[in-house]
Amino acid sequence: MCGIVGYIGKRNPKDIIYEGLKKLEYRGYDSAGIALFQEGKIKIKRSQGKLSQLQKEMADPHFFATPHHEIFLALGHTRWATQGRPSEKNAHPHQAGSVVLVHNGIIENFSSIKETLLKKGHTFASDTDSEVIASLINDHIREGHDFETSVQRAAQQLVGSFSVGVMFEGDPGTLIAVRNGTPLVLGVCESENFIASDIAALLSHTHRFVYLEDQEMAVLKKGQWVVKNLNGKPISKAIKEINWTQEMIEKGGFQHFMLKEIFEQPQAVIHTLQDRVRKDEQGLLFPEVSKLLKELNPLGRIYLVACGSAYYASMVGKYLFEQFSHVPCEQDLASEFRYREPLIGKNDLLIVTSQSGETADTLAALREAKKRGAKVLAICNVKESSIDREADVTVYTYAGPEIGVASTKAFTAQLTVFGLLAIHVGMVKGVLSEQAAFDFIQELIRLPLAMENLLKQDAYIKKIAQKFYRKKTFLYLGRGTNYPIALEGALKLKEISYMNAEGYAAGEMKHGPIALVDEDTPVIILAPQDRHYEKVLSNLEEIKARDGVVIAIGNEGDERLKKLSDYMIEIPKRSELCTPILEAIPVQLIAYDIALKKGTDIDQPRNLAKSVTVE
Ligand code: M6R
């Protein structure tokens, strides 16, 4: 959710922090702030709204950094409000005495701590739980503890999730960071070091990272860093090299990250397939998955758990596993799974899907399943994320960094992985013939080209957007593997255009949603020529009989569908393995083009954040 960035080193930190925050703005963008040392004192600038507001504040000529023994130190924060509405006073950094802190997470016991501190005479300027942490550290300092011990003691008292960066006027050469439950990484170099919520903030400075685990703190001083547990015992940590580049997290000439990421999808699929398809194209390479299946033998159920778009990708996964691998599947939202009593056991496999690898509910579901003895396979886009590190096996989606809040290329890369896994498990179990597997693999190999061609329909989709962007409600319908794409299409539209959009299984239409149909409610109907085709066409006729307006997504050359619908977006005819991936492109473009017409903030839509690291 919120983004943290911190710097200690010989360079002036103002631009470093601001540029870092820009890279993290997708995590939260309702307010922002920066703290730096200026002539021995910590100075803070904060503002409500996006970073551009903070930039104006930072231009103040009286706000500048000065070094202490040649070393500059600074912290920055971009906020997604949890406790306390978005405002300047609730923006981070928060100051208590001479302690200054930025925080990402939620402190569950902040009220009781605050009460105790109030009784001791502390005062509070904001409504946040974060200020309480600063105040608690300050309280320990007032009691005579040194900076490091005070942070440790405070961290031990907190219940909830937090990653924090802390500065203290009494120790201008030390920056302290603590992680518990929300992500935090150190970026390390020869003569300067950084902290950040994710590596995107630091890629222009370093590719060497140290990932903090829960209950770990990092103490950064001139040219050195050490990681300790919360009792002060040093912990040896490995430095990981990450090869994402700065260019990968820039817009590259596109108006929005979302559009760039939509157009990157063929490449994302190519990279995700790479190294997984055997050279003779007769089979797939998943040695780690085969090993896992052996350990599980006999495989019980597959549980598919995720949030948001990743949940819809898992829904397609469920259809594919059942069809190609004959494995019984259950599917659940992570936020539900973690709190019910899932009957998952030691022969079951949990598959969690997450772009960021940091989604709090998905991570909690993973931990719950492990506690119950199940094995966990993660489908994940971010190496070294919490979910990647805690799963038994990770199959990566090689979509590259996804910056737009609305998931696009990660989603189709997840669908690709589900297709690959369903084929592989089907082959291992002997329920998918070699010929069938070969045919599906051929289809996957040819998929990126078909996606490239489909992207060329952007101009036609823009015309549809122009026609319908003033409507209030959209209905999305699909059946079988098209149903999750109907849900995904509706989610995309909701997220970035703030319009009401309902996704439904087409077979459910007469059980309620048909009441929405009139000349003012466009219906986007997914109608490829699959085994549901005739039934979906009947739904379409029923919509037309009620003056509904239909935008169909169907197969090239399907004249019958074309005649029945008002608009038709054509996709090539493929099996249920690749059709959802192809359908995803027009539903993404429809949402994008409508949002563009409406003038919304496409990459950073209101109220949302890219990775939901709190419950
Ligand atoms: O990082 P994750 O894949 O775990 O995120 C899950 C959802 O938060 C995410 O898919 C969200 O729904 C997107 N904004 C959808 O576009």
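Remember, it's 1-based here, ligands and their atoms both numbered in the order they're listed.
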- How about K598: does its NZ atom have over 12 heavy atoms from other parts shown lying under 6.0 Å from it? yes
- Say you draw a straight line from NZ of K610 to CD of Q604; how long is it, rounded to the nearest 0.5 Å? 11.5 Å
- Distance from I4 atom CD1 to I195 atom CD1, nearest 0.5 Å? 6.0 Å
Heavy-atom nearest neighbour in the protein, as seen from [atom], with distance rounded to 0.1 Å:
| atom | answer |
| --- | --- |
| atom 4 (O) of ligand 1 | T359 OG1, 2.4 Å |
| atom 6 (C) of ligand 1 | C307 O, 3.3 Å |
| atom 12 (O) of ligand 1 | G308 CA, 3.2 Å |

- Not counting sequence neighbours, list each pair that qualifies as a ring-ring contact (aromatic ring centres under 6.0 Å, His included) and has a residue in residues 590-615. H256-Y592
So is there a nitrogen or oxygen of [X] less than 3.5 Å from a nitrogen or oxygen in ligand 1?
| X | answer |
| --- | --- |
| Q414 | no |
| T353 | no |
| S354 | yes |
| L491 | no |

I need the atoms of ligand 1 closer than 4.0 Å to a non-hydrogen atom of [X], numbered in the order shown.
| X | result |
| --- | --- |
| E495 | 13 (C), 14 (N), 15 (C), 16 (O) |
| S407 | 15 (C), 16 (O) |
| A406 | 16 (O) |
| K492 | 15 (C), 16 (O) |
| S309 | 10 (O), 12 (O), 15 (C), 16 (O) |
| S356 | 1 (O), 2 (P), 4 (O) |

- Query: Does a salt bridge link R27 with E358, judged by any charged N lying under 4.0 Å from a carboxylate O?
  - Reply: no
For residues 202-209, please give each side-chain donor-acceptor pair under 3.5 Å, one per line with the distance, not counting sequence neighbours.
from, atom 1, to, atom 2, distance (Å)
H205, ND1, R11, NH2, 3.0
T206, OG1, V188, O, 3.0
T206, OG1, R208, N, 3.0
H207, ND1, I242, O, 3.0
H207, ND1, W244, O, 3.1

- Distance only, no hydrogens: is a donor on one side chain within 3.5 Å (strictly under) of an acceptor on the other, for E570 and Q457?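 The answer is no; no qualifying pair exists.
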- Is it true that S611 lies under 4.0 Å from ligand 1, counting heavy atoms only? no
- Query: Taking heavy atoms and a distance under 4.0 Å, where does E358 meet ligand 1: side chain, backbone, both or neither?
  - Reply: neither
- Step by step, work out the side chain to side chain contact (heavy atoms under 4.5 Å, CB included) result for R606 and D601. CA-CA 7 Å; R606 70 182 182 202; D601 193 343; over 6 Å; no
- Side chains of N500 and F474: closer than 4.5 Å at any heavy-atom pair? no
